[in-house]
Amino acid sequence: MSTGSGADSAPAPAAHYSPPTPRSGTSAKSSMFSSLRIRNYRLFFVGQVVSNTGTWMQRIAQDWLVLGLTGSSAAVGVTTALQFLPMLLFGLYGGVLVDRLPKRPALLVTQSAMAATGLALAALTLTGHVQVWHVYLAAFAVGLATVVDNPARQSFVSEMVGPKQLQNAVSLNSANFQSARLVGPAVAGVLITGVGTGWAFLLNGLSFVAPIAGLLLMRARELHVVERAPRGKGQLREGLRHVAGRPELIWPIVLVGFIGTFGFNFPVWLSAYADDVFHAGAGAYSLFNTLMAVGSLVGALLAARRGTARLRVLIAAAAAFGTLEIVAALTPSYWPFALLMIPIGIFGLTVNVTANTAVQMATDPAMRGRVMALFMMVFMGGTPLGAPVVGWVTDVYGPRIGFVLGGVVSVAAAVTVGLLLARVGGLRLSVGWRGGHPHVRFVPRECREEPAPA
């Protein structure tokens, strides 16, 4: 049984594509937690709650340990780069593997490998033998596991829930991650202060028991069966051609690439605003990140209520995200700036979830691993590439100019991609007045009269 809808059949010609109305498989709004009614997904979700919290704990403890061992912020940056490097180098090949392999056994292997890494770091740290190269090696090992784990988890969601619940499940995964982002660092701070970094590594390693148990307890007969791609030559090129030939895939990926590279450099901007603009120190930096995480959590829960993944929602959310960044960059006062982090988090998360769901639903299931690997490589891998550029602009011209640059690029990307999708879909912009207010929408080019009210 296929997990897809009509988008999973042979690709339609570009001329028949209508960008404003793609849906994720259902036209009605779903309840906020509807996908949790599915037993397999419920087991997966609970396991990820525990594991994501442990992952955030390890991130904080890892950076703190490297800083303590070296006294160098550059060394912390090297650790982060090593964790992202495998995705940049091997992400597409990971997608090819995921399309060939059964997802559940693959995830059992990757989750076990990450657990072993956390436990090894815990043993080295608690016994006093840890050196900085151990942390570098552990970060690189986690990055290698992520090359397969990330696209496997992304594509396995559709096998657990099917097309009608896909957007809800993707949104709840994001809410899960954002919740852990609020809890994990706080727990890590208590552990590091109270008993040391080694215990944070230990708890992270043990946290993988939950997702591994969840995978083992799943009922294979209740999964939506997807035909796996056979081994063969040219599968990587085949995946790239699949994306390049379909505007409903390539342009959302291009959009999230620009936003991920230039619009999501918040560690650079928020630390600069806390220190150089508002002179409020580490507490302000923590508050900015917390408020953005709250906004991201709200955005994920709101996305979980929507039963559709329309590309016009993606374009509108991306434009709103960039506009809010520009407004925040020019805000002179501390508290208005801080509170703007909440809507920025909401729209940033909406971009991520909507693009993720729309791309998955428009992809042939046999290609989904490769397509999602490309999606995650572009979205996650862009930030380390854009951060030095944005950081240089921030250092030379000031935090406000750096933040404005990120917002301007995001808005420009949203407008450009929106117009390109409209052109591909044979649409034009209709501007008029309705009830004393401006009314703007895309309509078919051949439609010359004022559109009827929705």
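Positions are given from 1 along the sequence.
- Contact check for V183 versus W56: no side-chain heavy atoms found under the 4.5 Å cut-off.
- Partner of D149 under the side chain to side chain contact (heavy atoms under 4.5 Å, CB included) criterion, out of V142, V109, L107: L107 alone.
- Proximity of a side-chain donor or acceptor of S51 to a complementary backbone N or O of G47 within less than 3.5 Å is not detected.
- L121 places a side-chain heavy atom less than 4.5 Å from the side chain of V135.
- With contacts defined as side-chain heavy-atom distances shorter than 4.5 Å, the pair L421/E248 does not qualify.
- Between atom CG of residue N204 and atom CG of residue L191 there is a gap of 11.5 Å, rounded to the nearest 0.5 Å.
- Smallest separation of non-hydrogen atoms from P211 and Q111: CG-OE1, 3.3 Å.
- To the nearest 0.5 angstrom, F347 atom CZ is 11.0 Å from T354 atom OG1.
- Aromatic ring centroids of Y334 and F288 lie under 6.0 Å apart.
- A distance below 6.0 Å separates the ring centres of F321 and F264.
- In this structure, F140 and P86 approach most closely via the heavy-atom pair CE1-CG, 3.6 Å.
- Using the six-membered ring where Trp is involved, F258 and F262 have ring planes that are parallel, under 30° apart on the 30 and 60° scheme.
- Side-chain contact check for Q62 versus T197: every heavy-atom pair is 4.5 Å or farther apart.
- Residues Y397 and W392 meet the side-chain proximity criterion, which asks for heavy atoms closer than 4.5 Å.
- For the pair W251 (side chain) and L420 (backbone), a donor-acceptor distance under 3.5 Å is absent.
- Contact check for L301 versus F33: side-chain heavy atoms found under the 4.5 Å cut-off.
- In this structure, CZ in F208 is found 9.0 Å from OG1 in T110, a value given to the nearest 0.5 Å.
- Using a 4.5 Å heavy-atom cutoff, the side chains of V170 and Q154 are not in contact.
- Within a 6.0 Å radius of OH in Y93, other residues, nucleotides and ligands contribute 12 heavy atoms or fewer.
- If you check the side chains of N173 and Q48, you find no donor sitting under 3.5 Å from an acceptor.
- For the atom pair M160 CE and Q165 CD, the distance stands at 12.5 Å (nearest 0.5 Å).
- In this structure, the separation between NE2 on H134 and CG on L69 is 10.5 Å, given to the nearest 0.5 Å.
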| message | What verdict does the side chain to side chain contact (heavy atoms under 4.5 Å, CB included) test give for V359 and I253, after you've listed the backbone C-alpha separation in whole Å, the side-chain angles of each residue and the deciding distance to 0.1 Å? | response | CA-CA 8 Å; V359 167; I253 291 175; 4.2 Å; yes
| task | Using the side chain to side chain contact (heavy atoms under 4.5 Å, CB included) rule, take T117 and F201 through it: C-alpha gap first, then chi angles, then the decisive distance, then the call. | result | CA-CA 9 Å; T117 302; F201 296 138; over 6 Å; no
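- Note: F278 and Y273 have tilted aromatic rings, judged against thresholds of 30 and 60 degrees for the angle between ring planes.
- Heavy-atom minimum distance, D276 versus P399: CB-CG, 4.5 Å.
- Without hydrogens or angle criteria, N265 side chain to G406 main chain gives no donor-acceptor distance under 3.5 Å.
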| Full working for side chain to side chain contact (heavy atoms under 4.5 Å, CB included) between L405 and I401 | CA-CA 6 Å; L405 172 66; I401 299 299; 5.5 Å; no
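- A pairwise comparison of heavy atoms in A317 and V351 identifies C-CG2, 3.7 Å as the closest pair.
- Contact between E325 and S410 at its shortest, heavy atoms only, is OE1-OG, 4.1 Å.
- Between W133 and Y136, the distance separating the two ring centers is not shorter than 6.0 angstrom.
- Annotation: side chain of F403 is not in contact with side chain of I326 (no heavy-atom distance under 4.5 Å).
- Results of the side chain to side chain contact (heavy atoms under 4.5 Å, CB included) test with L324 over I346, V411, I342, L340 single out L340 as the only residue that passes.
- Listed for the R400 side chain is a donor-acceptor partner under 3.5 Å among the backbone atoms of T331.
- The main-chain N or O of S155 is found under 3.5 Å from a side-chain atom of S158 such that the two form a donor-acceptor pair.
- Considering every non-hydrogen atom in both L311 and P252, the closest pair reads CD2-CG, 3.9 Å.
- The main-chain N or O of A362 is found under 3.5 Å from a side-chain atom of R246 such that the two form a donor-acceptor pair.
- For the atom pair CG (L349) and CG (N356), the distance works out to 10.5 Å, reported to the nearest 0.5 Å.
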